[in-house]
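Heads up, the thing below is written out as C-alpha cells.
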Amino acid sequence: MSNLFKDIYSKSFYATFSETMALTIPSFDKEVFDNLIFNNEFAGYELKERMTHTAKVLHHFLSDDFGEAAETIKQLIANLRIAGIKEKSIEYMFFPEYVSMYGIHDYENSIPAFEYITQFTSCEFAVRPFILRYEDKMLAQMLNWSTHSNNMVRRLASEGSRPRLPWAMALPNLKKDPTPILPILNNLKSDSCEIVRRSAANNLNDISKDNPDFVIELAKNWQGKSKETNALIKHACRTLLKQGNPEALALFGFDSKNIALSDFKITTPTVGIGDALAFSFSVTNNNPVPKMLRLEYGLYYKKSNGELSRKVFKISEREIKASNR
C-alpha cells in the first residue's frame, strides 16, 4: 500500500533532504547516500526501522566527534527551516534518534542538542534512555526545561518523563514512585499552552495506572485553581473514571446514589464483524435535586487465548433532572 505511514520515508523525501545535506555538508555525496538508504532490506523496514536506519546513514556523513555532529545537525535544521520545512515534522525524528544512539555517552553535548532539536521535531522518545542512565540529572534538567520560553521544550519536560509513554520504553522507577515528576507537573499545570497542559494530563493518566491514590490526591489539591487546570485534571483522571473509581467519580460530582437504571434491552443479540450493537435503557434520578450523570458501557472482546478483554465507551455526561427519565 502506498499510503502506509512508513512511506513518509519515500524517494521524494530523501531527495529533498539530500538537497539540505549537500548545502550543509560540503563533502556530501548523494549517490553514496542513496545507495546506503535504499539497501536491499529498505522496502521491508517498518516506520521505526526506517527512522533508525536513516540515523545510521546520517552518521556516515557526520563527524565521529558527537559534539561536532550535534552542531551539524543544528545547522541542518536551520537550513531545513530556511527551505520551508515546518516544525513538528515527524519524519525528521531520526535527528533525536541520532542523539539517542550516538550521544548517550556524551551527556553534556546531548542536552543542548535535545533542547534545540525538540523545537523542530519531538525528542520525547529519545530522552528516555538518558533518563534510565542519568535519572537524577535528567529529571533536574527536565524540571529546568519546564520553565523554558519555548512551549515544545516545556512539553518535552512532561512528555519525556511519562512513566508509560505509548510505543516507548517504560520508566520503571517512575512507575513505582512518580514523586520526582511532581515538581515538573506543578510548573506545567497552569501553562499558557494547551498542548503542554495536555501532555501534563497524559503524564498523570500514566501515573494513575500504577499509583491511583497519588493522582486522586493531586487532583483534589489542584481542583478549582483555574478552568484550565480543572480541564487538565479531568483529562488526567480519564482512566480512573472509566474504571469507575469512586473517589475519582466523586471529584467531578458523579455518584450513583438514588440513580436507577431500568428497561435495559439488547435489540441485536447477535452481532457480526462490522455490524452495530443496538441497546436501550432508562435512567431515573430519584434524588430531590438534579445530578450530574456519566453514562458508559463496556464491551468484552474474546482474545485469541480465550480470555475476555473489556473496553469502555462513553455514552454521555450531563445533568439529569430530578425524577426525570
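Not measured: the values here are computed from a predicted model.
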Would you say the side chains of [X] and [Y] form a donor-acceptor pair under 3.5 Å?
| X | Y | value |
| --- | --- | --- |
| Asn79 | Thr24 | yes |
| Trp222 | Asn186 | yes |
| Arg164 | Asn202 | no |
| Tyr300 | Arg310 | yes |
| Tyr98 | Thr54 | no |
| Asn203 | Ser161 | yes |
| Arg197 | His235 | no |
| Thr52 | Lys48 | yes |
| Asn286 | Thr284 | no |
| His148 | Glu115 | yes |

Item to check | Tyr107 six-ring centre to Lys137 NZ/CZ under 6.0 Å and within 45° of normal | outcome: yes
Next on the checklist: Here's one to test your reading of the geometry: is the NZ or CZ of Arg81 within 45 degrees of the ring axis of Tyr116 and under 6.0 Å from its centre?
Outcome noted: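 Positive - Arg81 is close enough to the ring of Tyr116 and near enough to its axis.
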Checklist entry - Can Asp177 and Thr179 be said to form a side chain to side chain donor-acceptor pair (under 3.5 Å), step by step? => result CA-CA 6 Å; Asp177 177 15; Thr179 305; 2.6 Å; yes
Between [Y] and [X], is the closest basic N to carboxylate O distance under 4.0 Å?
| X | Y | value |
| --- | --- | --- |
| Arg155 | Glu124 | yes |
| Glu159 | Arg154 | no |
| Lys314 | Glu296 | no |
| Lys291 | Asp255 | yes |
| Glu19 | Lys30 | no |

Checklist entry - With the 4.5 Å side-chain cut-off for hydrophobic clustering, are Leu23 and Phe17 part of the same group? => result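 In one cluster with Leu23: Phe17, no.
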Side chain [X], main chain [Y], donor-acceptor under 3.5 Å:
| X | Y | value |
| --- | --- | --- |
| Asn287 | Lys257 | yes |
| Arg128 | Gly160 | yes |
| Ser208 | Cys237 | no |
| Ser63 | Glu68 | no |
| Thr118 | Val153 | no |

Between [atom1] of [X] and [atom2] of [Y], what distance do you get to the nearest 0.5 Å?
| X | Y | atom1 | atom2 | result |
| --- | --- | --- | --- | --- |
| Met138 | Leu132 | CE | CG | 10.0 Å |
| Ile233 | Leu204 | CD1 | CG | 9.5 Å |
| Glu135 | Asn173 | CD | CG | 4.5 Å |

Next on the checklist: Using the rule ring pair (Phe, Tyr, Trp, His ring centres under 6.0 Å), only one of Phe264, Phe281, Phe313 pairs with Tyr297; which is it?
Outcome noted: Phe313
Checklist outcome for this item: ring pair (Phe, Tyr, Trp, His ring centres under 6.0 Å) with His59: of Tyr102, Phe95, Phe66, Phe94, only one passes, and it is Tyr102
Checklist entry - Is the number of heavy atoms from other residues, nucleotides or ligands under 6.0 Å of Glu31 CD greater than 12? => result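 Not more than 12 within 6.0 Å, no.
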Checklist entry - What do the steps show when you test Tyr92 against Phe13 for ring pair (Phe, Tyr, Trp, His ring centres under 6.0 Å), and what is the final call? => result CA-CA 10 Å; Tyr92 289 96; Phe13 167 77; 5.2 Å; yes
Next on the checklist: Testing the basics here: between Phe279 and Thr267, what is the closest heavy-atom pair and its distance to 0.1 Å?
Outcome noted: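 So the two residues come closest at N-OG1, 4.1 Å.
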Item to check | Contact summary for Met142 and Ala157, nearest pair of heavy atoms | outcome: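 Heavy-atom minimum between the residues: O-CB, 3.2 Å.
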Item to check | Partners passing side-chain hydrogen bond (donor to acceptor under 3.5 Å, both in side chains) against Asn205 (at least two apart in sequence or in another chain) | outcome: Thr239
Next on the checklist: For Asn144, give me all partners under side-chain hydrogen bond (donor to acceptor under 3.5 Å, both in side chains), at least two apart in sequence or on another chain.
Outcome noted: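 Once residues adjacent in sequence are excluded, Asn144 has no partner under the side-chain hydrogen bond (donor to acceptor under 3.5 Å, both in side chains) criterion.
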Checklist entry - Can you say whether the rings of Phe33 and Phe61 are parallel (under 30°), tilted (30 to 60°) or perpendicular (over 60°)? => result tilted
Next on the checklist: Tell me whether the rings of Phe42 and Phe38 are parallel (<30°), tilted (30 to 60°) or perpendicular (>60°).
Outcome noted: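 Correct class here is perpendicular.
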